[in-house]
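Each chain gets a letter, A, B and so on, in the order its sequence line appears, and its residues count up from 1.
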Amino acid sequence: MFKDVPNTVDFVAQEHQILDFWRDGNVFHKLKTLRQAAPRWSFIDGPITANNPMGVHHAWGRTYKDLFQRFKAMQGYQMRYQNGFDCQGLWIEVNVERDMGFKAKKDIEAYGLDEFVNACKRQVLRHAATQTEQSVRLGYWMDWNDPDLLRELETKMAQDPSQTLTVEGPNGAVTDTVEQLVGRLGLPELGGSYFTFSNENNYTIWTMLKKCFDRGWIYKGTDVMPWCSRCDTGISQHEIVTDGYRELTHTSIFLRFPLRNRPGESLLVWTTTPWTLTSNVAAAVHPDLTYALVEQGTDRFWLSKGALENAIRGDYRTLEEKPGGELEGWAYDGPFDELPAQQISGAAEGHRVILWDEVGEAEGTGIVHTAPGCGAEDFELSKEQGLPVIAPLGAEGIYLDGFDWLTGRQVHTVADDIFENLKQKGIVYRLEEYTHRYPVCWRCEEELVFRLVDEWFISMGEQLDKPYEQVTEAEKEQNLRYQMMEVVLNETKWYPSFGLARELDWLRNMHDWMISKKRYWGLALPIYECHECAHFHVVGSLEELKELAVEGWDKFEGHTPHRPWIDAVKIACPSCGAAASRIPDVGNPWLDAGIVSFSTMQYRTDRDYWGQWFPADLISESFPGQFRNWFYSLIAMSTVMERRAPFKHNFSYATLFAEDGRAMHKSWGNAIWFDDAAETMGVDVMRWMYCAAKPEQNLLFGYKHSDEVRRQVLIPFWNVYSFLVTYANIDGWRPTATLWKDTPQRSENLLDRWILSRLQSTVRSVTERLETFSPDGACRIVEDFLDNLSNWYLRRSRRRFWKSEADTDKAAAYQTLYQVMVTTSRLLAPFVPFVTESIFQNLVCSVDPDAPESVHLSDYPAVEEGLVDLSLEDDMKLARDLIGLGRAARNQSGIKTRQPIGRIGIGGISEKQQAAVNGLAALVLDELNVKEISFHEGIDEFATYTIKPNFKLLGPKYGRNVQAIAKAMSATDALDLKRELDGSGELEIQADGVSYRLDRAEIDVQSANREGYAVEADAYKFVALSTELTHELILEGLARELVNKIQQIRKEADFNVSDRISLSLESTPTVHEAFERHRAYITHETLTTIVVESSSPNAFLKSQKVNGEDATIGVEQVT
RNA sequence: GGGCUUAUAGCUCAGACGGUUAGAGCGCGCGCCUGAUAAGCGCGAGGUCUCUGGUUCGACUCCAGAUAAGCCCA
């Protein structure tokens, strides 16, 4: 006996049972053992930030990762199964700051850097534990750490990081301090997920930076960049995440810059950032725009003609016009010339009009206030034009010395006072509220300002003014940019394919990579600056550091390479020998993630091992953002290290939204937490939603969608399984132990042969789709197959299972359905690992003691070519099409399916197809409830025709003349054409004076209309049913109706399906005639053993209409 | 301003290689089935396949341009 399978199932509860089964049976480790000598398939996981619980959007990506890994495992490959956690950087810091209630960097310093860094590590461990548990819940098979161990480490880190602890690793016990154990997580001796805060990850980045340094690609640059004054750090181009802008309203100001040599005249200037006016050095105009001098009261302004309407309020008079070019060099009084910073820099003295092509007049005044210390474009301009640079802001957005009353003030607090100051100076024209998209800090939402800073960069190579194809080898040799493009073009494939174009676009245009950040928790950049000789040196390894160290080594030793411990070490400057300190900056976190194709695969310690796994066969992440983030950093670092691409295939996918089409947002009430989704929908359902989604399109995720998937995919699948087990148990049918993997025997039954062929075709297509990274295509194919299985094979086969005698046909039905279900479970195991496991356990493991103990330890099904019968699949398709047409005809005529019909006529199909229909006639007759089928050449008996050319054949043959032929055909009576065609087998058509001979195949004959028949037709074939009902047919219809009614009454009376009954019937003579004529049939179908004249008082009685005739039916159980 | 993507039924989406009745699910209407049944099946209504040009005998499909939306960059 199989374990009973109810037709309703709690998928969620079942998933928990399966999880227990996998865990208790160590099934994942058995899989690794099973494949340990197999060929390798390399997947590199993009690290998930261990900063929050996992979201349903993460589950999308993780489902893909698991899908491909499970698929490849069943195909017989070994894998590394290493998950990754992203651990360092500002996003971790920000959350820890928030938890601790810190407002600014000085709070961190007051708290103590060592404690803060420790807290960051603990935060990572905590969330890594949670995300691990959630991933396991999803069914994501990876070499996971024990979450309890991660929590234990977190606790012990809080107690005392220097205490010693022993933990079990894959190759035995490892003893070390807690701090070092945490620093060694993910390394071979400890196993489990990799953590980007690991010592190995950090030191491998050092190796990479050293290579850059040796090539002269690392430099310290001065730049004006977006700055968050709260985080007190620059926001690099590479890390502004998707929504780094907000719609914000600021008070903008129109003000006058009085011209020094044109008394009474001013430039009218506009800005939305009044704090930058302190640092004005020039005013830019477009050389080709027209500028006007307008008079308003006693004021005279210059501004661009196109900006007049927008800028000027009230009446004015235009006095004069000049092209912008003629304004060049005009000197003016700046708004803050009294400030020491203006005086010392020479800006106050030198204010003048400059020309700039980027000036526009769509907003503002067409004259752009230029402050090179406060804006990136302005800074560029200052370099071109030799303008002084005034940098007003220091750390935390505080005005520096030289700004008088502003010095010491915070930039976000000064706007009103600046307006007041300018009003007193009498140069304000007007203020205006202005709404625009303004950059904000992607972590804390603080409005960004632009600040002149020193940061460290990796040079990405000059952008050459020519297409990639024309870049020479010699140029490439020196240029990381083109080396990256080269490896990407030559060695990688992208899914969806447009990913390649997007990555190349980024590579072509990317700026140098800013790798420094003035923060605390992250990679310690191994850059040592000598204050004696200004030389800087990059240290490439721990060993080199030790060798060069001149002080502080004792304070660092035993710690992970993080601040503050690493900062204690000073080295001897390789140039002058003086003691040099590490720059205090930490690294950009994409360095951490980008190095993992080296750091996690023992690049530094076991180059052979690394070579076996590099490059990855696959990486997979969500594409928004990653083209310039992880994909980019991975490629950049791999190119620096080896000038090779880090992966062969990149499968990426879009963004997950809520069902309302908007981003999920807690405050909008449309967010769904992973845990809730998993326990409500079940993860198999979620996984199917993810797999079936088109990866290049955004996925709308929600409960409505999940209900649909459950109803349309999982429940039908489960119901077929439930049906099989239920009847197998009733019949005592048992498969032989090896039946699940035996080649199916040839069944005499066409349905069996058909479904087995369909199964093979499905196996073939699904495998192809998975091999080409098209899971959505695979899902569509599977859904089609499940529909075939459930709504055709099983529906048509039901009676084969019910019949009481155990004949060969019944055995064939059981064997077939059994083998189909087992193979389908294996086929779907990578997609929906839980339900398929449940089915496999019951159908296979309970029978065959030698079977793999899990479906996931079995092999992926291979196509059994011998079972493929494409012509049978075509024939069945034809039969189903005809049945569809027949049903449509019934619908049209209003004759329900229970009413038998004498004959249907079928036409428009070839003789071969007729033979096929004859072969499947029993099916067609039964489905349509008709007595016989007749075939017809033409439809004239049932309807009229339309005749059209077969465009597909005639188009290539006659070209444009096809249209003329079509016209000529439609002008002729279709019946005449049909007769001619039937007579001679061909058709002669005169069109535009030319005569064409068309044979049968070149003509489409289509039907329409009806006359006493109900006819339905598609492009070439038709089904006509005779609507005439003989007395015999009517009686038979009544009989079937009676069976139906009696069955319903049985159900209303709450009888069991196997209860025998006595029956009474009181009705019209016609109904009694029908009953007598079909008595055997009716009593057999309804399990009636006694027919009584009048019912006993205990009988269940019901009066109703039966096909319009009054009838009272009584039923009673017979004991 | 540049790169990439998307535009098909009320909604969510399918529609290699261009072929003349453009499909599914949901929703809606009608019907069927009832030994998978708090399911299932069928039929129907509903679409100028965003617009404009072009290529072609023929364009939802290919090309160009426009419009709108999204992502990225400037």
Side-chain angles (χ1 to χ4, degrees), chain A residues 5-8 237 240 242-243 358 360 376-377 496-506 508-511 623-629 654-655 657 659 661 692-694 696-700 702 704-705 707-709 711-712 715-716 718-727 730 776-777 780 783-784 787 790-792 794-795 798-799 801-802 883-892 894-899 927 929 946 948-966 1004 1006 1008 1016-1020 1043-1044 1047-1048 1050-1051 1056-1058 1085 1087:
Chain A
V5 177
N7 57 40
T8 52
Q237 181 200 15
I240 295 179
T242 47
D243 52 353
E358 300 296 313
E377 290 173 321
S497 57
F498 63 77
L500 175 63
R502 289 183 71 154
E503 188 63 44
L504 286 174
D505 182 57
W506 167 261
R508 216 174 281 123
N509 299 304
M510 65 188 171
H511 295 183
F623 55 69
Q626 299 302 349
F627 292 105
R628 59 178 176 168
N629 288 332
T655 307
F657 288 118
E659 228 155 32
K694 265 199 157 185
E696 63 267 41
Q697 269 174 227
N698 295 334
L699 168 62
L700 306 191
K704 192 167 154 251
H705 186 180
D707 285 344
E708 232 171 81
V709 166
R711 257 213 341 267
Q712 261 169 302
I715 287 181
W718 186 264
N719 280 343
V720 175
Y721 164 60
S722 164
F723 181 97
L724 168 64
V725 168
T726 303
Y727 285 95
I730 289 173
D776 56 316
R780 250 177 282 125
E783 288 180 16
D784 188 47
D787 181 69
S790 167
N791 289 330
W792 194 247
L794 187 61
R795 192 158 66 77
R798 277 198 295 231
R799 283 187 180 256
F801 293 89
W802 298 338
I883 288 163
L885 290 172
R887 287 206 178 114
R890 267 189 179 275
N891 229 42
Q892 183 199 116
I895 302 175
K896 61 183 165 189
T897 310
R898 261 201 304 266
Q899 174 60 57
E927 276 291 312
N929 195 15
T946 327
K948 284 185 179 176
N950 181 334
F951 286 94
K952 190 162 188 170
L953 288 177
L954 291 181
K957 194 165 172 184
Y958 294 124
R960 66 166 1 109
N961 299 325
V962 177
Q963 302 301 331
I965 295 171
D1004 277 344
Q1006 297 176 2
E1016 287 288 337
D1018 64 12
Y1020 64 97
V1043 169
N1044 174 244
Q1047 300 286 29
Q1048 280 181 27
R1050 285 179 59 111
K1051 192 173 286 181
N1056 282 324
V1057 286
S1058 53
E1085 285 292 313
L1087 301 186

In the 5'-to-3' direction, what one-character label does each nucleotide of [range] receive under the scheme B = base within less than 4.0 Å of a protein heavy atom, S = sugar-phosphate only, - = no such atom?
range                        : result
nucleotides 33-38 of chain B : SSSBS-
nucleotides 4-14 of chain B  : BS------SSS
nucleotides 57-65 of chain B : BS-------

By side-chain hydrogen bond (donor to acceptor under 3.5 Å, both in side chains) - contacts of [X] (at least two apart):
X         : answer
A:Glu783  : A:Trp688
A:Asp707  : A:Arg710
A:Asn719  : none
A:Gln1048 : A:Asn1044

Using the salt bridge (Lys or Arg N to Asp or Glu O under 4.0 Å) criterion, which residues pair with [X]? Sequence neighbours excluded.
X         : result
A:Arg898  : A:Glu1041
A:Lys957  : A:Glu1002
A:Glu1085 : A:Arg799

For A:Tyr958, check ring pair (Phe, Tyr, Trp, His ring centres under 6.0 Å) against everything at least two apart and list the hits.
A:Tyr996

At under 4.0 Å, does any side-chain N or O of A:Arg711 touch on OP1 or OP2 of B:G40?
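Answer is yes, contact under 4.0 Å.
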
Over all strands shown, is A:Arg799 touching base, sugar-phosphate only, or nothing at heavy-atom distances under 4.0 angstrom?
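No contact.
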
Give me the stems containing RNA chain B, sorted by first residue, counting only three or more consecutive Watson-Crick or G-U pairs with both distances under 3.5 Å; say none if there aren't any.
B:1-7 with B:67-73, B:10-13 with B:23-26, B:28-32 with B:40-44, B:50-54 with B:62-66

